[in-house]
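Notes to accompany the following structure.
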Amino acid sequence: MWRVNPQKTALLVIDMQNDFVLEGYPMEVPMARRRIPRMQEAVAECRAAGIPVVYTRHILLDTFNVSPLETAYNPALLSAGMRKGSFGSEVIDDLKPGSDDVVIVKHRYDAFHNTQLENVLTSISGLRQVDTVIIIGTLTEVCCDSTARGAYMRDFKVAFVSDATGALSDEAQTATEKTIGTFFGRVLSTGELVAEIREGREGGAE
């Protein structure tokens, strides 16, 4: 089984926006809020290791319905949530992107769908040097899961961080981890991720 090699890895921070995280906001995910410290730990470790950090922001529009099936299944999104230019659409202060980080805007659950993400990953550390993505953020069972599958379909190794992703329920978290770990990648805790990154920095990763 492969291990995380920091020289060939990028971190994806999925949709940690105010509307998903802050109490009382339209798409609130309490588990994502509780797991912010583990996400901060993962981001800090990746930055220290020189691993590129890429954020995604899920954006809906008031001018037209850019994601009609999403709003059909969740009609509340027709009038509120992740609106372009709003405070709610911004990444939370506790995980603000740095000046060297990349921010990808998406309109579908899978962060690869009709975005620049694949182009970024194939060039950010040199031509086709990144072959692994670490996934943290929310929702575990929706955008994190969809992006993990999208990465797998493009032949990226997936490191899915169990205690740095947030679902709407414990059952959804557990089910997603089981599926990802069985078919699409490896499921690691933040502690396990950090250990592998540090091992890789010392020249042990393959």
* Structure fact -> When every non-hydrogen atom of Lys106 is compared with those of Ala111, the smallest separation belongs to CD-CA, 3.6 Å
* Stepwise side chain to side chain contact (heavy atoms under 4.5 Å, CB included) check, Val4 with Leu188 -> CA-CA 10 Å; Val4 175; Leu188 306 174; 4.2 Å; yes
* Run the numbers on Thr138 and Asp15 for side chain to side chain donor-acceptor pair (under 3.5 Å), then give the verdict. => CA-CA 6 Å; Thr138 199; Asp15 296 358; over 6 Å; no
* **Heavy-atom check, side chain of Ile136 versus side chain of Leu11, under 4.5 Å** => yes
* **Which atom of Phe156 lies closest to which atom of Val130, heavy atoms considered** => CE2-O, 3.4 Å
* Asked: Are the side chains of Cys46 and Ile134 in touch, meaning some heavy atoms are under 4.5 Å apart?
  -> yes
* To do: Say whether Leu22 and Met27 are linked into one hydrophobic cluster, either directly or through other cluster members, by side-chain heavy-atom distances under 4.5 angstrom.
  => no
* To do: Decide yes or no on salt bridge (charged side-chain N to carboxylate O under 4.0 Å, His left out) for Arg198 and Glu45, but give the supporting numbers first.
  => CA-CA 9 Å; Arg198 292 181 179 177; Glu45 188 65 32; 3.0 Å; yes
* Lys157 side chain vs Trp2 backbone, donor-acceptor pair below 3.5 Å -> no
* Asked: Quick one: are Asn5 and Glu196 in side-chain contact, heavy atoms under 4.5 Å?
  -> no
* Evaluation steps, side chain to side chain donor-acceptor pair (under 3.5 Å), between Ser189 and Asp163 -> CA-CA 6 Å; Ser189 68; Asp163 56 355; 5.1 Å; no
* Which heavy-atom pair separates Ser86 from Met82 by the least distance, and what is that distance? -> OG-C, 4.4 Å
* Hydrophobic cluster identity match, Val54 and Val105, side-chain contacts under 4.5 Å -> no
* Hphob cluster co-occupancy, Phe87 + Val91, side-chain heavy atoms under 4.5 angstrom -> no
* Within 6.0 angstrom of Asn119 CG, more than 12 heavy atoms from elsewhere -> yes
* Asked: Heavy atoms, side chains only, cut-off 4.5 Å: are Arg186 and Phe160 in contact?
  -> no
* Nearest heavy-atom pair of Ala80 and Pro26: which atoms, and what distance? -> CB-CG, 4.3 Å
* **Donor-acceptor pair, side chain of Tyr152 and main chain of Ile180, under 3.5 angstrom** => no
* Structure fact -> Between Val158 and Ala151 the two heavy atoms that sit nearest each other are CG2-CB, 3.8 Å
* Structure fact -> Residues Asp19 and Arg83: closest non-hydrogen pair is OD2-N, 4.4 Å
* Asked: Is a donor on one side and an acceptor on the other found under 3.5 Å between the side chain of Arg33 and the backbone of Val29?
  -> no
* To do: Please indicate whether Gln116 has more than 12 foreign heavy atoms, meaning atoms of other residues, nucleotides or ligands, lying under 6.0 Å from its CD.
  => no
* Asked: Does a side-chain heavy-atom distance below 4.5 Å link Phe112 with Leu121?
  -> yes
* Validation row: Asp145, Thr140 side chains within 4.5 angstrom (heavy atoms) -> no
* **Backbone N/O of Ile92 and side chain of Gln17: donor-acceptor pair under 3.5 Å** => no
* Asked: Of His58, Arg57, Lys84, which is the lone residue that meets side chain to side chain donor-acceptor pair (under 3.5 Å) with Ser89?
  -> Arg57
* Asked: Distance-only, no hydrogens or angles: does the Glu28 side chain make a donor-acceptor pair with backbone N or O of Gly24 under 3.5 Å?
  -> yes
* Taking the side chain as C-beta and beyond, is there a heavy-atom pair between Leu77 and Leu60 under 4.5 Å? -> yes
* **Full working for side chain to side chain donor-acceptor pair (under 3.5 Å) between Thr165 and Gln173** => CA-CA 8 Å; Thr165 47; Gln173 183 75 29; 3.0 Å; yes
* Any side-chain heavy-atom pair from Val161 and Ile135 closer than 4.5 angstrom? -> no
* To do: Check whether any side-chain N or O of Thr71 sits under 3.5 Å from a backbone N or O of Asn74 as a donor-acceptor pair, and report yes or no.
  => no
* Is there a donor-acceptor contact under 3.5 Å from the side chain of Arg201 to the main chain of Ala48? -> yes
* **Within 6.0 angstrom of Glu192 CD, more than 12 heavy atoms from elsewhere** => yes
